[in-house]
Amino acid sequence: MKKWIPIASGLLAGFVAATISFADFSPKAKTDTTASTKSNAEKVYVPFGEKDDYYLFASGGHSGQMFIYGVPSMRKIRTIPVFSQDSATGYGFDEHSKKMMGGYTWGDLHHPAFSETNGDYDGKYMFATDVANSRAAVVDLKTFTTKDILKVPNTAGPHCAAFVTENTEYMFLPTRFAVPLGQKYESLDNYSQSFRGVMSAVTFNEKSEKLGIAYQVALPPWSYDLSDAGKKGSADWAVMTTYNTEEATTNQEINASQADRDYIVLFNWKELEKMEKEGKYEDVGGQKMIFPEKQKGGIYLVPVAKSPHGVDVTPDGKYFIASGKLAPSMTVFSFEKAFKAVANKDFAGERNGLPILNYKSVMEREVNPENALGPLHTQFDDKGMAYTTMFISSEIVKWNPKTGETLDRVPVQYSPGHSVSAEGDTVAPDGKWLIALNKIAKDTYLSVGPSHPESMQLIDISGKMQVIQSAPVDPEPHYAQMIKADKIKTINVYPKDKNNKDAVYKKDDTKIVRKGNEVHVYGIAMRSKFIFDAKAKRPDVIEVNEGDHVFIHLTNIDFDEDITHGFAINSYDLNMEVQPGQTNTMEFIANKAGTFPLYCTNFCSALHQEMNGYFLVKPKN
Ligand code: RUQ
Ligand code: CUA
């Protein structure tokens, strides 16, 4: 085993990545052979005309977006704008997406989660949360577009989400930063009395395609970190890690690392749901807030090695595994033992009114692979084996949760945060592939100056672990999920929508309507022209008065896959997209008088360059 330990493992907690040299760039992984006769290049090569087996949905971190890659080719296919404006698609400029974004211009997207049916990814929706502006979003996988965004009150940064229960009943959003209820002003001297770490039970209605909040829980003022839902026998439960149970209000680096143990919060969401149904909550600014120190019986604490970062439930739903980023061990806990401890009131006291389960009664085993440092997150394969990322010793460790035995190790370049395995968060992972999501790329790619992209390394886990491909990702993929490609069924064109009053499908129906100082344009985009009013002398010109409130409703009548049109007005800082068959609206005040060319931004035909017109704004006087 020793030979697998990268250079960095000799160093302790100091930020080790900086000391790793290029010489460590995976020469062992490259020369190591497996039973497979295929070369590594062949394994990742997807010939023209063939498609990847898996979609990878990677969080785009503080770009606020989601990135789609194909696996095993590791080719980037698309960016889905979610929490930030995106001029490539006009997202955040058109009326609908602008409204969804709720006045914010950016987001920090961390953990994407697929919708699930019976604990398996169903390929219908993808959820994500925004740590920066406390929002939750849902992406429709028929169109790869964001359907709804919800601003979550009383919460400041749901870093620990998203994760969904077995049938997408709930997505729980615990907060990373504790704040006073209503996020109102409060002196930090009153932190312990007045601050709370609120968790929200977010629901998704498939019919209306809207997110909502069923209830919230006012947890102690701690920081909550990555969480996971139970599976099968533990499906009614969920777990999340905590840190800063010290309740430090400054210099957290030191002050939040004092206590030897923090907690895993173990909660029964069926019990919380019952409390909500029975009215056992208080109204806090219109939210149903459950106070667990008053409503007992839904939430328990389990002591865990200090400042844990992640907790993951095994595919069989029997265990939850926590990794202590400041303690070099993974701790395996048993759900069955936890249920027994709950039933027997096997408590070791209380914290903030929450019962603490006896560590010894719930803990199954502590696992300490030799010289493995900085364990963060765990994924699983088809045989139930665990793969844990080691941030400090820069490697992936494969081990058996049932015995604690270390099975394999592979160095990665460098400092992996999460890793993701094929269908890894389901009740039946696929094995085959694991991707290390590395925080530091260093000298992996052509230099782009002092700052580099992050990197994703594809690891073949069908035999002895082998790093076989690497792709830059920019910025960091906090987490990703990998789904079988054939589970996703996209549409080719948007169908005609008779109920949409803004849609126009025939040239003769185009028109410009004025109501006072409101101007509504009902236009079409087609190869290779805009028609705003077919009866006008110049059908591709819009003329308004300075100060008019303008609505441009535009329908793409090319019902033809991949023929997308864009619409931009020069110097007006406006831009939107209409995909095949889609209707979209742009709303603005014509506050600048003058002559402004308008044009299609998407190269849609040989005469795309001719797809333009004028937006004329007559001055007030
Ligand atoms: S995090 S590197 Cu934003 Cu999931 Cu752990
Ligand atoms: Cu339409 Cu270019």
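Just so you know, ligand 1 is whichever comes first in the structure, and atom 1 is the first atom listed for that ligand.
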Rounded to 10°, the ND1/His608 to atom 2 (Cu) of ligand 2 to SG/Cys600 angle comes out at 120°
Step-by-step side chain to side chain donor-acceptor pair (under 3.5 Å) determination, Asn438 to Gln457
CA-CA 8 Å; Asn438 305 324; Gln457 282 177 298; 2.7 Å; yes
Only heavy atoms of His418, strictly under 4.0 Å: list the atoms of ligand 1 that pass.
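Atoms satisfying the 4.0 Å criterion: 1 (S), 2 (S), 4 (Cu), 5 (Cu).
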Using a strict cut-off of 4.0 Å, indicate which atoms of ligand 1 neighbour a heavy atom of Gly417.
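That gives atoms 2 (S) of ligand 1.
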Relative to the ring of Trp269, is the ring of Tyr170 parallel (under 30°), tilted (30 to 60°) or perpendicular (over 60°)?
perpendicular
Can the positive tip of Lys496 be found less than 6.0 Å from the middle of the six-membered ring of Tyr505, inside 45° of the ring normal?
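That pair qualifies as a cation-pi contact.
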Please determine if Lys511 forms a cation-pi arrangement with Phe532, meaning its NZ or CZ atom is less than 6.0 Å from the six-membered ring centre and no more than 45° off the ring axis.
no
Atom 1 (Cu) of ligand 2 to Cys604: any N/O/S contact under 2.8 Å?
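So Cys604 does bind atom 1 (Cu) of ligand 2 by this criterion.
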Could you tell me whether any N, O or S atom belonging to Met611 is less than 2.8 Å from atom 2 (Cu) of ligand 2?
no
Is there a donor in the side chain of Tyr387 and an acceptor in the side chain of Asp381, or the other way round, less than 3.5 Å apart?
yes
Proximal heteroatom of His565 relative to atom 1 (Cu) of ligand 2 (N/O/S)
ND1
Would His377 count as a contact for atom 5 (Cu) of ligand 1, in the sense that one of its N, O or S atoms lies under 2.8 Å from it?
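Coordinating: yes.
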Checking only N/O/S atoms, does His478 have one that is under 2.8 Å from atom 5 (Cu) of ligand 1?
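Short answer: no, not a single N, O or S atom is under the cut-off.
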May I ask you to check whether Tyr55 and Phe144 place their ring centers less than 6.0 Å from one another?
yes
